[in-house]
Amino acid sequence: RAKAGGKACYAIFDQQMHASAVSRLQLETDLRRAIERQEFLVYYQPIISLQHDTLTGFEALIRWQHPQQGLVPPARFIPIAEETGLIVPIGEWILEQAAQQLKIWQTQYRNYESLKMSVNLSSKQLRDASLLGTIDRILSKTEIDNNALKVEITESILMENVQVAADVLIALRERNIEICLDDFGTGYSSLSYLHRFPVNTLKIDRSFVMRMRPNDENSEIVRAIVSLAHILGMEIIAEGIETELQLAQLKWIGCEQGQGYFFAKPLATSEVEALLKNPHYWANL
Ligand code: C2E
Ligand code: MG
Ligand code: MG
Ligand code: MG
């Protein structure tokens, strides 16, 4: 780059940095008030048994209905919530919402008594001393079965906090809560580490599922992950299934469960209810 352009370039860069710092700060300020102002929503993405073509449960995914900016995706505010510690009350809120909602669906729709609910846990939540107490309180308040609750933890969180994570996971398993390792394959976890943690399910990251082609390397990687999981006594969920071909390959490979736009996007409560009431939808999975 020409020297003359250098200064102007920095000036633009500075401006952009400034603008993004200001908008981040604004978001942080707004985030602090979002709970009391009831701006959070929970969306629910169906999880499907690939072997039986049935609904097994949902993953709870948070959304923020910002008064000016509209729906803000979690990728934009979860990192801020993490850094500020706001993730602890927000995480408690979503756990309670999701458990309560599951109880309602289990009670309202008799065919769905054994549905499960997966909730994502962040690094700070895992290290927060009040987590187990919070979960116990929510389980007893909502009266859902302990084993209807699944928690999702990314493998990078696990590896950043090996000792703490192991202790918390053991305490969760003692309560019969299921543990799901999220975004599996994207982190740096050594496969030989995996058996040290009481993990029930591996969730293969969308990036693998997306790149799978019949008989190619990526399919072989997925196949290897599935066999590894089975050897360790774990089940597999494939995330981000978008096409019929991906679904067919995953079934063939022996993957137990899946979720993705091919089945359904994350849905608002009312949309889930429409699905639960509609036997045709499930008959045609
Ligand atoms: P995640 O836990 O891996 O969630 C799956 C993400 O993949 C969701 O994005 C979901 O909408 C998206 N997805 C599912 N199927 C498909 C598909 O077929 N195609 C494509 N392109 N995307 C698909 P979302 O809802 O934007 O959430 C992003 C991440 O934010 C989550 O990744 C999770 O790490 C985090 N997150 C969401 N809700 C919470 C929460 O309540 N607490 C915490 N701690 N983190 C959350
Ligand atoms: Mg997840
Ligand atoms: Mg995931
Ligand atoms: Mg993911």
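Atoms within a ligand are numbered from 1 in the order they appear, just like the ligands themselves. Side-chain atoms are counted along with the backbone in the values below, which use heavy atoms only and exclude waters and symmetry mates.
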Any heavy-atom pair between the side chains of [Y] and [X] that's under 4.5 Å?
X      : Y      : value
Lys141 : Glu96  : yes
Tyr44  : Leu275 : no
Met117 : Phe58  : yes
Leu41  : Leu71  : yes
Ile153 : Val168 : no

Mark up the atoms of ligand 1 that fall under 4.0 Å of a heavy atom belonging to [X], in ascending order.
X      : result
Glu242 : 17 (C), 18 (O), 19 (N), 20 (C), 21 (N)
Gly260 : 15 (N), 18 (O)
Gly240 : 15 (N), 16 (C), 17 (C), 18 (O)
Asp182 : 1 (P), 2 (O), 3 (O)
Ile62  : 38 (N), 39 (C), 40 (C), 41 (O)
Ile94  : 41 (O)
Gln45  : 14 (C), 15 (N)
Ser122 : 44 (N)

_If I consider every N, O or S atom in Glu152, which one ends up closest to the Mg ion (ligand 2)? I only need its name._
OE1
*asked:* If I consider every N, O or S atom in Glu59, which one ends up closest to the Mg ion (ligand 2)? I only need its name.
replied: OE2
*asked:* For Arg63, which part has a heavy atom under 4.0 Å from ligand 1: side chain, backbone, both, or neither?
replied: side chain
_Asp205 contact mode with ligand 1 (heavy-atom cut-off under 4.0 Å)_ = neither
For ligand 1, is there an atom lying under 4.0 Å from some heavy atom of [X]?
X      : value
Gln259 : no
Met210 : no
Ala75  : no
Glu59  : yes

*At what distance, to the nearest 0.5 angstrom, does OG of Ser118 lie from CD1 of Ile47?*
4.5 Å
*asked:* Between Asn120 and the Mg ion (ligand 2), is there a contact where an N/O/S atom of the residue lies under 2.8 Å from the metal?
replied: yes
*asked:* Would you say the Mg ion (ligand 3) has Glu239 as a near neighbour, meaning an N/O/S atom of that residue under 2.8 Å away?
replied: yes
For the pair [X] and [Y], find out whether any cationic side-chain nitrogen is under 4.0 Å from an anionic carboxylate oxygen.
X      : Y      : result
Arg127 : Glu160 : no
Arg175 : Asp136 : yes
Glu28  : Arg32  : yes
Glu220 : Arg223 : yes

*To the nearest 10 degrees, calculate the angle at the Mg ion (ligand 3) involving OD1 of Asp183 and OD1 of Asp182.*
90°
*Among Pro74, Ser123, Pro46, which residue places a heavy atom closest to atom 36 (N) of ligand 1?*
Pro74
*Among Lys251, Gln51, His230, His52, which residue meets the side-chain hydrogen bond (donor to acceptor under 3.5 Å, both in side chains) test with Glu256?*
His230
*asked:* Can you give me the closest heavy-atom contact between Thr142 and Gln100, atom names plus distance?
replied: CG2-N, 3.8 Å
*asked:* Can you confirm, on distance only, whether ligand 1 has an N/O atom lying under 3.5 Å from any N/O atom belonging to Pro266?
replied: no
*May I ask you to check if ligand 1 and Asn120 share an N or O to N or O distance below 3.5 Å?*
yes
_Can you classify the ring geometry of Phe40 versus Trp93 as parallel (below 30°), tilted (30 to 60°) or perpendicular (above 60°)?_
tilted
